[in-house]
*Asks:* 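Sharing a structure below in C-alpha cells format, with a few things to ask.
Throughout, protein chains are lettered first and strands after them, A, B, ... in sequence-line order, and every chain is numbered starting at 1. Heavy atoms only: backbone and side chains are in, while hydrogens, waters and symmetry mates are out.
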2 protein chains.
Amino acid sequence: MNEAVPPRTPEAVEPKTLVEGAYQRLRRDIIEGVHPPGEKLRVEHLKDRYEVGAGTLREALLLLVTDALVVAQGQRGFRVSPISIEDFEDITRTRLLLETEALRQSLQLGGEDWEAAIVAAFHRLSRAEQKLGDNDSLAAEEWERRNRAFHEALIAASPSRWIRHFQHILYQQSERYRRLSLFSHPIPRDIHAEHQALFNACLARDTTRATSILTEHVLRTLDAVKLLPAEFFAGKRKS
Amino acid sequence: MNEAVPPRTPEAVEPKTLVEGAYQRLRRDIIEGVHPPGEKLRVEHLKDRYEVGAGTLREALLLLVTDALVVAQGQRGFRVSPISIEDFEDITRTRLLLETEALRQSLQLGGEDWEAAIVAAFHRLSRAEQKLGDNDSLAAEEWERRNRAFHEALIAASPSRWIRHFQHILYQQSERYRRLSLFSHPIPRDIHAEHQALFNACLARDTTRATSILTEHVLRTLDAVKLLPAEFFAGKRKS
DNA sequence: TCTCCTATAAATCTCGAGAAAAAACCTTGA
DNA sequence: TCAAGGTTTTTTCTCGAGATTTATAGGAGA
C-alpha cells in the first residue's frame, strides 16, 4: 500500500540517449505549464536547465515538434505552441471523430485480452480516483496517467495504428487544457460515474451507448474549459 | 507553354535554413523511392550527398519523424519507415474518415473564395492530365503536385486545422504507395472522369454524392495497390 | 560445422566554438 | 515626444572532433 518509493513513471520508456531524456522532461514541463503556451524557448538558457549541450537540446525541441507541442520557425527559434478555445474545440471534436471510430472497432474486434486489460485499467483508475481530492499533486499526476491508460486501453483493440497515433497526439494536447480546468470547477462532475458507465457499456459491447457516453464525457471537459475566463488563453507573444 | 525553366516547385516554401533545405530534399527523395522503405539512413554517408554537416542532417531527419517518413531508434540511428499493404489500408481508411468529414464541413461552410479556388485547382489539374501519359516524369511530378492541390483545396474551407494537418500527413504517406501503382495499372481508371464527377458534386453542394465519390475515388487506389505483387513491399531490413 | 568470445571497424551521440541572422538598444535629428 | 538609422548584444544556426555504443569480422574451442 505504501508507495513511497520514487514515483518513477511506469510506462515512461527509460531514455536511451540524452536527447530522449531532455525530450521527455521538456514535454512534461510544457504539458504541466512550466513553459507556458507561446513562450519563447531559447536554447542557450534551456541547455543549462536540462544539463545538455546546445545541439542536443535543439534535437529534443525538434522531437517536440512531432507532438505539436513546440513550433519551429526557421532562423527564429522555437516556441511553445499557443493555446486557444478554438484550438481546444478543434482538438476535442477531431479527437472524438477518431476515438469513437476506434472504440467501435475495439468493441467489435476486442478479445479476452482486451477485456482483461480494460478491467485492469479501470480498476487502477478507480483506485487513483479514491486517493484524489486532497490537493495532492502527486496523486493528481498518477490519476492523469491512469486516466490516459484507461482511455488508451479502450481503443487498444482497434487495428488502426494511425488512429491510435493521432489520438495519442490529441490526448496529449488536451492535457494542457485539462490542467486549466482543474483550477476552477465551473461544472460539477462525477467523473467516476462517467467512467463507470463507459466501462459498463464497453463490457456489455453496447456500441451505441459506449460511443455516446464517451462523446458526452469528452464534451463535458470542453464545456468546462469554455467557461474559463479568457485570461487563461492570453498567450503572451514575447518571452 | 515552354516550361523548360528549372521546375522549382511553386508552393514549396523557400528554405530559410540548411536544415529545411536538407529536410525538403530528403522528403522528396524518400517519397520518390530514392531511399526505399526500410533503408538505413546513415548520417555520415548522407551528409555528403546533401552537402551539410552531420548535426544539420540529424536535425533534418528528426523533422522527417514528424511526417512519419523516418523512424528513429535511440542509439541505433534512423531508418526510412517501412511500408506494407496493411499500412496502406490503414492510411487509406483513416484518411477517408478525416477527409470526408472535412469535405462535409467545406461543403457546408465554403464561400465564394473556396469555390473559386477549387475551380482554379480543378482547371490546373485538368491541364496537367492532358500533358500526362508520355511517360514524362516531369509532367507526372507536376500532376502529382496539382492532384494534391486539388484535394487540399476541396477541404480548405474546413475550420479544423487538426484534420487538415493529419490529412496532410496521410496524403504524403499515400504518395509513396501511389508511386508503386504507377508501375503497373492493374485496374483501368479514368481518373479525369472521377475528378470531374467529384468536382461537379462539390459545386452542386451535394454532400452525399461528393463524399461517396471521394470514397470510391480513394478506395480505387487502394484496390490497385492491393493487386501489386508482394515483392514491392519486401522492405529489406538491412542497409 | 557450429557456437561463443574477442578484436576491430563503423556508426551514433554529444559537445563547444565560430559564422550568420535577428532583436534590442541607443544616439541623433526633427 | 516621436521616428529613423545605425550600433551593440543576443540568439540561432552550422560544423567538425571526441567519446560512447553498436555492428562486423575473425578465430578458438567443441
*Asks:* Does dC13(D) have OP1 or OP2 under 4.0 Å away from a side-chain N or O of R58(A)?
*Replies:* yes
*Asks:* Select from V52(B) and K16(A) the residue whose nearest nucleotide in DNA chain D is closer to the 5' end of that strand.
*Replies:* V52(B)
*Asks:* Name the closest nucleotide to the E59(B) side chain, picking from dT11(D), dT14(C), dT14(D).
*Replies:* dT14(D)
*Asks:* Separation of Q73(A) atom CD from dA21(C) atom C1', in whole Å?
*Replies:* 14 Å
*Asks:* So what does G55(A) touch, heavy atoms closer than 4.0 Å: a base, only the sugar-phosphate, or nothing?
*Replies:* nothing
*Asks:* Give me the one residue out of R145(B), R28(B), R148(B) that meets salt bridge (charged side-chain N to carboxylate O under 4.0 Å, His left out) with E175(B).
*Replies:* R148(B)
*Asks:* Show, in sequence, the C-alpha distance, side-chain angles and deciding distance for E152(A) and R164(A), and conclude whether the salt bridge (charged side-chain N to carboxylate O under 4.0 Å, His left out) test is met.
*Replies:* CA-CA 8 Å; E152(A) 292 194 343; R164(A) 294 207 306 276; over 6 Å; no
*Asks:* Without decimals, in angstroms, what is the distance between L62(A) CG and dC13(C) C1'?
*Replies:* 15 Å
*Asks:* Both V43(B) and A54(A) contact DNA chain C. Which one's nearest nucleotide lies toward the 5' end?
*Replies:* V43(B)
*Asks:* Below 30° counts as parallel, above 60° as perpendicular, anything between as tilted: where do the rings of F166(B) and F166(A) land?
*Replies:* parallel
*Asks:* Rounding to an integer number of Å, can you tell me how far L57(B) CG sits from dC13(D) C1'?
*Replies:* 15 Å
*Asks:* At under 4.0 Å, does any side-chain N or O of R76(A) touch on OP1 or OP2 of dA23(C)?
*Replies:* yes
*Asks:* Check every atom of dT14(C), dT14(D), dT12(D) against the side chain of T17(B) and return the nucleotide holding the closest atom.
*Replies:* dT14(D)
*Asks:* Over how many whole Å does the gap from R79(B) atom CZ to dT12(C) atom P extend?
*Replies:* 10 Å
*Asks:* Tell me whether the side-chain N/O atoms of K40(B) come closer than 4.0 Å to OP1 or OP2 in dT12(C).
*Replies:* yes
*Asks:* Without decimals, in angstroms, what is the distance between L18(B) CG and dT12(D) P?
*Replies:* 17 Å
*Asks:* Between E44(A) (CD) and dA21(C) (C1'), how many Å, whole number?
*Replies:* 14 Å
*Asks:* What nucleotide among dT11(D), dA21(C), dC15(C) has an atom nearest to a side-chain atom of Q75(A)?
*Replies:* dA21(C)
*Asks:* Both E20(A) and G74(A) contact DNA chain C. Which one's nearest nucleotide lies toward the 5' end?
*Replies:* E20(A)
*Asks:* Could you go step by step and tell me if E20(B) and K16(B) meet the salt bridge (charged side-chain N to carboxylate O under 4.0 Å, His left out) rule?
*Replies:* CA-CA 7 Å; E20(B) 284 177 38; K16(B) 298 239 176 313; over 6 Å; no
*Asks:* Between H151(B) and Q167(B), does any side-chain donor sit less than 3.5 Å from a side-chain acceptor?
*Replies:* no
*Asks:* dC15(D), OP1 or OP2 - any side-chain N/O from T56(B) closer than 4.0 Å?
*Replies:* yes
*Asks:* Could you check how far OH of Y23(B) sits from P of dT14(D), rounded to whole Å?
*Replies:* 15 Å
*Asks:* Using OP1 and OP2 only, check whether a side-chain N or O of H45(B) sits under 4.0 Å from dA10(C).
*Replies:* no
*Asks:* Whole-Å distance between dC13(C) P and L61(B) CG?
*Replies:* 10 Å
